[in-house]
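The structure appears right after this line, and notes come after that.
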Amino acid sequence: MADARIEQLADILVDYSTKITKGDEVQLLTTAPLGLPLFRAVYRRVIERGAHVYTHIGFEDQQEIFFKHASDEQLRRLPELLYEETKRATAYIRLDAGLNSRTLSAIDPAKTTLWNKTIEPIFSERINNTRWVCTRIPNEGVALEAGMSLGDYEDFYYGACLLDWNEQAKKMKGIAAVLDAAKTLRVVTADTDLTVSVAGRPAVSCCGECNMPDGEIYLAPIETETQGHILFTFPARAGGNEIEDIYLEFKGGRVVKATASKGQDKLDKELATDDDAKLIGEFAFGVNYSIQKFTNNMLFDEKVGGTMHIALGRAYADSGGLSKSAIHWDIVKDLRDDGQVFADGKLVFEKGKWLVG
């Protein structure tokens with residue numbers, strides 16, 4: 001028997017997240033066959049709404065094959081057909097369904113970096129000019145990464161996704177207003193003291209329109225003014241490789257020191273991607289309190305209620321950031337034990353709880 005929660009989620013993705021209506025041109029992608037049950041449910045709804053669909057179905061080791069065998073010329077060539085399709089699309093729905101999150105762990109990071117630079121026009125077109133949403137289909141692989149049984153992971157996943165997102169947006173509005181009005185934000189724990197300037201930069205609330213699950217509020221710091229240091233609680237991933245105990249120091253807005261207890265070479269390569277890779281493109285707080293467990297999946301981990309994260313590199317256009325890096329690399333820090341956040345010197349968050357909003 002099909003899981004009824006798939007039908008509920010399809011309704012949210014089509015009617016709430018991307019608001020598909022008659023005449024829309026929709027790109028619909030699942031990265032592996034395991035995503036087909038939700039893919040079918042979404043496809044049916046898109047057709048029922050009177051939209052037009054460009055469908056893409058990937059397979060498990062598609063990216064691994066590409067990066068192992070693609071020539072330098074192939075890595076440098078923009079996929080023109082996909083680019084033209086993306087420019088025409090008004091909406092994009094991506095259903096990630098791969099079993100193995102480490103398929104690229106043995107791939108030379110220089111190849112993935114080159115490819116990311118090549119397809120940046122497609123990414124920018126999609127992010128800035130379409131209504132888009134991405135989700136991650138529950139399966140045995142992601143359940144194993146999270147340390148859960150598949151059944152428990154499915155409960156965790158749907159518990160984080162099947163929320164009243166209009167109500168969630170109301171709850172986030174007060175927090176966003178405080179962050180929006182601030183000129184400086186400071187995060188303090190026993191091992192962290194980091195200050196960013198956000199004067200004139202809007203606080204953007206994410207309430208299920210682009211990620212599912214969602215639940216974060218982000219800003220883009222002024223590129224020249226970030227100061228201090230931060231030690232990240234959770235490991236980060238780069239090309240399928242874990243990097244642990246990341247410590248960053250900032251002066252004049254840029255990373256001036258970066259260490260890790262594991263994966264130092266991967267950390268160094270990420271920071272060497274381009275000039276803007278050492279900037280903070282996104283400074284954000286997780287506010288989905290239905291998510292309380294770290295799962296080694298950034299789609300969920302950056303939303304954990306009571307955490308914060310930064311993304312090194314590219315900023316989102318709606319945040320007013322100027323960084324144009326080829327990377328947008330998220331790293332999460334837990335603030336639930338001793339974290340404090342100050343907005344213009346006023347305590348607005350302590351030990352995982354917001355004192356405003």
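Electrostatic pairing of Glu120 and Lys324 does not count as a salt bridge here, judged by no charged N lying under 4.0 Å from a carboxylate O. Under a 4.0 Å N-O distance rule, the pair Lys173/Asp180 does not qualify as a salt bridge. Salt-bridge formation is not detected for the pair Glu225/Lys183: no Lys NZ or Arg NE/NH1/NH2 atom is positioned less than 4.0 Å from an Asp or Glu carboxylate oxygen. Under the 4.0 Å criterion applied to side-chain N and carboxylate O atoms, Arg201 and Glu223 are assigned as salt-bridge partners. Asp191 has a carboxylate O that lies under 4.0 Å from a charged side-chain N of Lys333, or vice versa, which qualifies the two as a salt bridge. The existence of a salt bridge linking Glu7 and Arg45 is confirmed by a sub-4.0 Å separation between a basic side-chain nitrogen and an acidic carboxylate oxygen. Ion pairing between a basic and an acidic side chain is recognised when a charged N comes within 4.0 Å of a carboxylate O; Arg314 and Asp276 show no such pairing. For the pair Asp274 and Lys117, the salt-bridge criterion is not met [side-chain N within less than 4.0 Å of a carboxylate O].
Residue Phe67 places its CZ atom among more than 12 non-hydrogen atoms of other residues, nucleotides or ligands, all under 6.0 Å distant. More than 12 non-hydrogen atoms from other residues, nucleotides or ligands lie less than 6.0 angstrom from CZ of Arg44. For Arg76, the CZ atom is loosely surrounded, since the number of other residues' heavy atoms within 6.0 Å does not exceed 12. Atom NZ of Lys19 sits in a crowded spot, with more than 12 heavy atoms from other residues, nucleotides or ligands closer than 6.0 Å.
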**Request:** Tell me, with the steps shown, if Thr135 and Tyr157 meet side chain to side chain donor-acceptor pair (under 3.5 Å).
**Result:** CA-CA 10 Å; Thr135 192; Tyr157 172 77; 2.6 Å; yes
**Request:** Please step through side chain to side chain donor-acceptor pair (under 3.5 Å) for the pair Asp152 and Ser149, ending with a clear verdict.
**Result:** CA-CA 5 Å; Asp152 286 344; Ser149 68; 3.3 Å; yes
**Request:** Please report the C-alpha distance between Ile107 and Lys68 in whole Å, then the side-chain angles of each, then the deciding distance to 0.1 Å, and finally whether the side chain to side chain contact (heavy atoms under 4.5 Å, CB included) criterion is met.
**Result:** CA-CA 7 Å; Ile107 300 297; Lys68 279 186 175 179; 3.7 Å; yes
**Asked** Does the side chain to side chain donor-acceptor pair (under 3.5 Å) test come out yes or no for Asp334 and Thr233, once each step is laid out?
**Response** CA-CA 6 Å; Asp334 199 345; Thr233 316; 5.7 Å; no
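Donor-acceptor pairing under 3.5 Å is lacking for the side chains of Thr189 and Asp338.
Cluster partners of Ile65, by chain and number: Phe59. The rule joins Ile, Leu, Val, Met, Phe, Trp and Tyr whenever side-chain heavy atoms lie under 4.5 Å apart.
Under a 3.5 Å cut-off, the side chain of Gln74 and the backbone N or O of Ser71 do form a donor-acceptor pair.
A chain of hydrophobic side-chain contacts below 4.5 Å, direct or via other Ile, Leu, Val, Met, Phe, Trp or Tyr residues, connects Ile12 to Tyr43. Using a 4.5 Å cut-off between side-chain heavy atoms of Ile, Leu, Val, Met, Phe, Trp and Tyr, with links allowed through other members, Val196 and Leu279 fall into different hydrophobic clusters.
Between Phe349 and Phe285, the ring-plane angle classifies as tilted under the 30° and 60° cut-offs.
The ring-ring contact (aromatic ring centres under 6.0 Å, His included) test with Phe300 is passed by exactly one of Phe294, Phe156, Phe234: Phe156.
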